Trainee: 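What follows is a single structure, and I will ask about it in a moment.
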2 protein chains.
Amino acid sequence: MQVQPRIPDSAQSAHDKVYRGLRTRILHGQIAPGAALTLRGIGREFGVSMTPAREAVQRLVAEGALSMSSSGRVATPELSNERIEELAALRALIEVELASRALPRAHMALIDRLQAIDHHIADVVSNRDAVGYIRANLEFHRTLYLRAQAPAMLAMCETVWLQLGPTMRALYGRLRRTEPPQYHRLIVAALKAGDEPGLRLAVRSDVTQGLRMLAS
Amino acid sequence: MQVQPRIPDSAQSAHDKVYRGLRTRILHGQIAPGAALTLRGIGREFGVSMTPAREAVQRLVAEGALSMSSSGRVATPELSNERIEELAALRALIEVELASRALPRAHMALIDRLQAIDHHIADVVSNRDAVGYIRANLEFHRTLYLRAQAPAMLAMCETVWLQLGPTMRALYGRLRRTEPPQYHRLIVAALKAGDEPGLRLAVRSDVTQGLRMLAS
DNA sequence: CGCTCGCGGCTGTGATCACAGTCGCGCCAT
DNA sequence: ATGGCGCGACTGTGATCACAGCCGCGAGCG
């Protein structure tokens with residue numbers, strides 16, 4: 001018996017480590033829109049050479065999480081209003097479907113966990129912690145959608161989140177909120193009641209809510 | 001004035017050339033599910049070294065168009081029935097929305113083009129040409145959805161097509177069809193009439209139709 | 001004082017190389 | 001004859017290197 005060089009679940013290769021690191025950073029809005037990145041800088045930061053750094057960056061570019069100029073320079077994208085509207089519509093479409101599929105499988109333990117996350121959101125919101133809010137909000141949604149048992153849909157959904165990451169940071173950063181999102185309570189209530197139309201409406205409202213603030 | 005070293009629209013870098021080449025091959029169902037690929041083989045075939053070949057392959061893996069074993073071996077994926085159902089549901093969601101957005105912008109020239117493509121489909125179908133059928137069918141849908149002016153949604157949609165590519169080939173390959181898809185006529189008719197509910201139903205039916213054949 | 005040109009450093013790209021893991025085929029023992 | 005074992009060829013990974021293009025800053029000129 002020898003040591004296994006590979007942790008079975010995650011972090012197998014160097015480029016994957018870089019990919020995950022950059023991905024969560026973008027997803028949580030820890031990078032402002034328009035910020036520039038360099039391959040050598042990323043490699044230095046993660047302790048790898050340029051090759052895995054380039055692979056991770058190219059993958060993120062392919063997913064729309066980063067944008068690349070014609071000369072190959074990489075930066076986080078600054079989204080146009082039309083694109084934001086489009087991505088919000090995609091979120092609404094996919095997340096409503098995911099919630100709907102999760103509904104029949106949602107038992108009490110899941111609802112308790114969602115409520116715990118929602119209370120945690122109230123805490124970080126009162127502390128003006130934009131990154132913490134985004135992370136907790138995504139965790140709320142992901143916890144619910146995991147129950148849908150639809151990995152392809154969830155992956156698509158997370159790709160959309162990824163594209164909206166830096167913009168959401170800018171949005172919630174300049175927003176002064178002191179109350180948790182009201183629609184989360186509606187989502188939990190609809191889950192408890194087994195009310196599918198109500199759940200679809202609540203999720204759609206929660207997703208679309210962020211878009212409206214941007215029009216101001 | 002000097003020559004521009006870069007064609008503005010496409011084929012800028014070597015890895016992009018490889019990516020596009022493999023992508024269209026997978027999309028059109030020219031590779032059977034489970035077929036193995038090697039980086040050196042791809043590089044040799046496209047006249048590049050391993051580096052761009054690896055980048056193209058990793059991107060396709062990230063998009064779900066190829067699957068990678070734990071040891072890094074690459075092959076086109078063999079989809080489970082649950083995953084096919086999921087991807088079909090995603091197609092229905094996104095394509096119905098795209099068609100709905102394209103409807104108000106659809107003028108006569110577009111409808112004529114769709115009908116021309118549909119007649120072409122009738123030709124290739126009578127010739128038992130599975131790859132030609134898939135390609136023409138995708139062209140029909142893409143031509144319509146391009147009018148929606150929603151690039152992010154169209155990109156998501158094409159990613160789903162990409163994942164279904166090899167499976168669709170296997171599906172239509174063992175299927176003996178001699179008639180063009182009936183729902184295309186309904187789509188064109190709904191477009192002509194400006195009938196949005198009818199269009200949504202027709203697109204949903206056309207997309208879901210392929211799934212039902214798989215259950216047999 | 002302001003504009004422009006040029007150069008140096010820095011950036012991404014692609015090829016090559018060294019290495020570790022893996023798969024498969026043939027050989028040998030039973 | 002058949003099963004197990006070991007070796008060899010092959011595969012992906014990551015580092016390094018050479019190269020071409022771009023950006024920005026500073027000097028020089030009008």
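Here the structure is a predicted model, which is why all the values come from computation and not from measurement. Note on naming: letters A, B, ... go to the chains in the order of the sequence lines (proteins, then strands), and numbering restarts at 1 for each one.
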Trainee: At 4.0 Å (heavy atoms only), tell me whether B/V48 reaches a base, stays on the sugar-phosphate, or touches nothing.
Mentor: sugar-phosphate
Trainee: At their closest point, which heavy atom of B/V131 faces which heavy atom of B/H28, and how far apart are they?
Mentor: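 Minimum heavy-atom contact is CG1-O, 3.6 Å.
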Trainee: For A/M50 and D/dG14, give me the distance from atom CE to atom C1', rounded to whole Å.
Mentor: 12 Å
Trainee: Could you tell me the separation between the CG atom of B/D16 and the C1' atom of C/dG12, rounded to a whole number of Å?
Mentor: 14 Å
Trainee: At 4.0 Å (heavy atoms only), tell me whether B/L37 reaches a base, stays on the sugar-phosphate, or touches nothing.
Mentor: sugar-phosphate
Trainee: Between B/Y19 and B/E63, does any side-chain donor sit less than 3.5 Å from a side-chain acceptor?
Mentor: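 Their side chains do contain a donor-acceptor pair, which is all the 3.5 Å distance test asks for.
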Trainee: How many whole angstroms separate atom OH of B/Y19 from atom P of C/dG14?
Mentor: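 Rounded to the whole Å, the gap is 16 Å.
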Trainee: Below 4.0 angstrom, N of the basic side chain to O of the carboxylate: do B/R59 and B/E55 qualify?
Mentor: no
Trainee: Any idea how A/H141 and A/H184 line up, ring-wise: parallel (<30°), tilted (30 to 60°), or perpendicular (>60°)?
Mentor: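 Perpendicular.
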Trainee: In whole Å, what is the span from the CG atom of B/L39 to the P atom of C/dT16?
Mentor: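 The answer, rounded to whole Å, is 15 Å.
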Trainee: Nearest nucleotide by nearest heavy atom, which residue falls closer to the 5' end of DNA chain D, A/P52 or B/R44?
Mentor: B/R44
Trainee: For B/Q12 and D/dC22, give me the distance from atom CD to atom P, rounded to whole Å.
Mentor: 12 Å
Trainee: Would you say A/H15 places a side-chain N or O within less than 4.0 Å of OP1 or OP2 belonging to D/dT13?
Mentor: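 Answer is no, no contact under 4.0 Å.
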Trainee: Mapping B/R40 and B/G47 onto DNA chain C by nearest heavy atom, which one lands closer to the 5' end?
Mentor: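 Nearer the 5' end of the strand: B/G47.
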Trainee: Of the candidate nucleotides D/dG14, C/dG12, C/dA18, which contains the atom at the shortest distance from the side chain of A/S49?
Mentor: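 Between D/dG14, C/dG12, C/dA18, the one nearest the side chain of A/S49 would be D/dG14.
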Trainee: If you only use heavy atoms from C-beta on, which nucleotide in C/dT13, C/dT22, D/dG14 is closest to the side chain of B/R73?
Mentor: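 Within the option list, the nearest is C/dT22.
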Trainee: Separation of B/E55 atom CD from D/dG14 atom C1', in whole Å?
Mentor: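 Rounding to the nearest Å, CD of B/E55 and C1' of D/dG14 are 13 Å apart.
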Trainee: Closest-nucleotide mapping onto DNA chain D: is A/S69 or A/R54 further toward the 5' terminus? I mean the 5' end.
Mentor: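 Closest to the 5' end, via its nearest nucleotide, is A/R54.
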Trainee: So if I take every side-chain heavy atom of A/T38 and compare against C/dG12, C/dG14, D/dT16, which nucleotide ends up nearest?
Mentor: C/dG12
Trainee: Do any side-chain nitrogens or oxygens of A/T51 fall under 4.0 Å of OP1 or OP2 in D/dG14?
Mentor: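 No, outside the criterion.
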Trainee: When you check the phosphate oxygens OP1 and OP2 of D/dT13, does a side-chain N or O of B/Q58 lie under 4.0 Å from one of them?
Mentor: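 Result: yes.
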Trainee: Could you tell me the separation between the CD1 atom of B/I42 and the P atom of D/dT13, rounded to a whole number of Å?
Mentor: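 Value for this atom pair: 12 Å.
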Trainee: Check this for me, if you would: do A/E85 and B/R101 make a salt bridge, where the nitrogen-to-carboxylate-oxygen distance has to be below 4.0 angstrom?
Mentor: yes
